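See structure below.
Values in this document were obtained by computation on a predicted structure and should not be read as measured data. Note: hydrogens, waters and symmetry copies are ignored here, and every other heavy atom, side chains too, is used. Chain letters run A, B, ... following the sequence lines, proteins first, then strands; residues in each count from 1.
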Amino acid sequence: MAAPWAAVKFWKPGTEGPGINISEERQSAAEASGTSIIYNPHAAFSIEQQRQKLPVFKLRNHILYLVENYQTVVIIGETGCGKSTQIPQYLSEAGWTAEGKVVGVTQPRRVAAVSVAGRVAEERGAVLGHEVGYCIRFDDCTDSQATRIKFLTDGMLVREMMADPLLKKYSVLMLDEAHERTLYTDIAVGLLKKVQKKRGDLRLIVASATLDAEKFKDFFNQNETSDPNKDTCAILTIEGRTFPVDIFYTQSPVPDYVRYTVETVMKIHQTEKDGDILAFLTGQEEVETVVSGLIEQARIMSRSGMKRHLRVLPMYAGLPSSEQMKVFERVSHSVRKVIVATNIAETSITISGIVFVTDCGFVKLRAYNPKTAIESLVLVPVSQASANQRAGRSGRNRSGECYRLYTEEDFMKLPLSTVPEMQRTNLAPVILQLKALGIDNVLRFHFLSPPPAQSMVQALELLYALGGLDKNCRLTEPLGVRMAEFPLNPMFAKMLLESGNFGCSAEILSIAAMMQIQNIFVIPPNQKALAVREHRKFAVEEGDHLTMLNVYEAFIKHNKSSQWCQKHFLNYKGLVRATVVREQLKRLLSKFKVPKKSSEGDPDPILRCIVSGFFANAAKLHSTGVYRTVRDDHELHIHPMSVLYAEKPPQWVVFNEVVQTAKFYMRDVTAVESSWLLELAPHFYQQGTHLSRSTKRAKVDEL
DNA sequence: GAGCACTGC
């Protein structure tokens, strides 16, 4: 094999030919784009001067005019234009927060809601939580009297609508980052269209990307004539403040993007001037492979006299937060930082100083099969919108470069945008929420992108089986109404509400809380064996649910000690969060007068209670050694992370979810008795109602 | 026998 990086050849569209030297290309592109002024928000200007320098400022009066005259304004706000922080202030200054009214701004992520609120409070010289506040789960930093500009997560807005369906306190709502099309943004969009019909005074601002602007406009425009003067929705574009990014493609498809990522990063390091590198891959394993590959290459190079060093850092959600923080640390001028990341770096975190990006062209996305009701995680090519978002991570401080590890031809074949989450998820939680918000006919709900009808049917079927809906698909009283109040998947809500009847609400609360936290068990790549040995200490033969209960109870017993967590390779922050989640769930159980009881060490009531919520996710071990779902005979396997993976496989199990990678794997698995299924879910497995298929009955009756 | 995108209530 030749020098590993020598094989990588990129070319830039619109140039003479392929195989161009990267440095020359960059230089000519920089010349063509002209000089740009670097914007530094923390330079020595007054806050007012800084605000006026933002691109959005020039359009201040135009925005206010549109909001005054159109019920909905779609704003195409490019990165760095200042829309999220400025528009709410303009609205407030123009009187939209008079008479106790509030301007609300939603964000898809908690950190964004908090940080943007902080920035705006600072600009207004206000104490966060008074005039300017935020509201996210577990953290309501607003004052019901004083708050005029409120930042909140889109999920929180949907929750607020349960108490106040017409959102009466708001005069304007701005849905920020609506182009991301998260589940809750889409729910909010559908609901707000309904609210607007009853509240002509409510103004809506949808902040979106160019691509979806027309779709949002068509959705909200109530003008049924062909006269554009009667439009109720307008579109406005605000230019951003970013720097040009040169895009490079490979000449031919690469056979192995993991290896080519290493090669490309090393080539950039050798031939390019200063600037950090961000490499996009699809999962933890790929990230770790590339990290060790780069460290090895860098070692070889420094031995052969390379002066500038590489600092290689992994970044993915499962990484302990202390490790995650390292990507934000500054390094000395002689060191180049390389961050090897999953999709977390596409939208969720922003690292400054990135000049070069490599993009493998793939992503792991959630998918939902409406026929089997199985959610899975699948590796798919990214969309063009996603690829452009990745490229844009390089042009934030100065002009950047993006190396796509695929051909331009392949890029053109990619879908323009990612399928909205609404169309690739289990809808049971969504339908329950909509029902609780008084949407009787969910099949006729106005979705921005309607989900598959079969997904709706699956959701209705499950909710009926859980007892949350009656035969006419109406929310049951009190069970369905209560289930909808839980910020959880309906199966968890059912399990919690039943826990009083089984006399184990204390244990079920801990289990439900723990199941909401990802990556409780930390496995550092260099101490894998030791970590696994420590984790084994918590394992019980009943399965993952009781193992999690063990971990939680041990954490409490050791006074929530972070040192104790470290010693046992447990995610301290995750466990703390579990205690907070548990408190919230406990308050809901008290509200519904579910008796507080403990089974005092008896596992049986706990397992039966789990079955009362998760009976639909049951599987039986077949003689061939594989599991099959009871409801439709789908082949499943125990996930290697499950404690039952190493045990003698039990005959019957229930599970929380299925992930599809190489096989269909059940996650969070617990051994049960088949008689419990018949006893606790007779309606689902025996009676064969009009909603459930008769095949289900046959499967259990065989036993 | 062998594996864990990312949010959010």
A:Asn656 backbone acceptor or donor facing A:Asn617 side chain under 3.5 Å = yes
inquiry  = Rounding to an integer number of Å, can you tell me how far A:Phe138 CZ sits from B:dC9 P?
reply    = 8 Å
Strand-adjacent residues in residues 576-584 of chain A, judged by heavy atoms under 4.0 Å from DNA chain B = none
query = Can you find a heavy atom in the side chain of A:Pro88 that is under 4.5 Å from one in the side chain of A:Phe151?
reply = yes
inquiry  = Under the criterion side-chain contact (heavy atoms from CB on, under 4.5 Å), I'd like the reasoning laid out for A:Asp154 against A:Leu175: C-alpha separation, chi angles, the key distance, then a yes or no.
reply    = CA-CA 8 Å; A:Asp154 43 21; A:Leu175 302 180; 5.7 Å; no
inquiry  = Assess whether a salt bridge exists between A:Lys150 and A:Glu160, defined as any Lys/Arg side-chain N lying under 4.0 Å from an Asp/Glu carboxylate O.
reply    = yes
Candidate pair A:Phe362 and A:Phe280, rule ring pair (Phe, Tyr, Trp, His ring centres under 6.0 Å), full reasoning = CA-CA 9 Å; A:Phe362 287 86; A:Phe280 280 102; over 10 Å; no
A:Met161 CE to B:dC9 P, straight-line distance once rounded to whole Å = 17 Å
remark   = Whether each nucleotide of nucleotides 2-7 of chain B has a protein heavy atom under 4.0 Å at its base (B), only at its sugar-phosphate (S) or at neither (-) is summarised, 5' to 3', as SBSBSB
List the atom pairs, with distances to 0.1 Å, where a side-chain N or O of residues 476-488 of chain A and a protein N or O form a donor-acceptor pair under 3.5 Å, not counting sequence neighbours.
from: A:Thr476; atom 1: OG1; to: A:Gly467; atom 2: O; distance (Å): 2.7
from: A:Thr476; atom 1: OG1; to: A:Gly468; atom 2: O; distance (Å): 3.1
from: A:Thr476; atom 1: OG1; to: A:Gly480; atom 2: N; distance (Å): 2.9
from: A:Glu485; atom 1: OE1; to: A:Lys591; atom 2: NZ; distance (Å): 2.7
from: A:Glu485; atom 1: OE2; to: A:Lys591; atom 2: NZ; distance (Å): 3.2

Whether A:Asp544 side chain and A:Thr670 backbone form a donor-acceptor pair below 3.5 Å = no
ask   = Hey, is A:Lys83 close enough to A:Asp176 for a salt bridge, meaning N to O under 4.0 Å?
value = yes
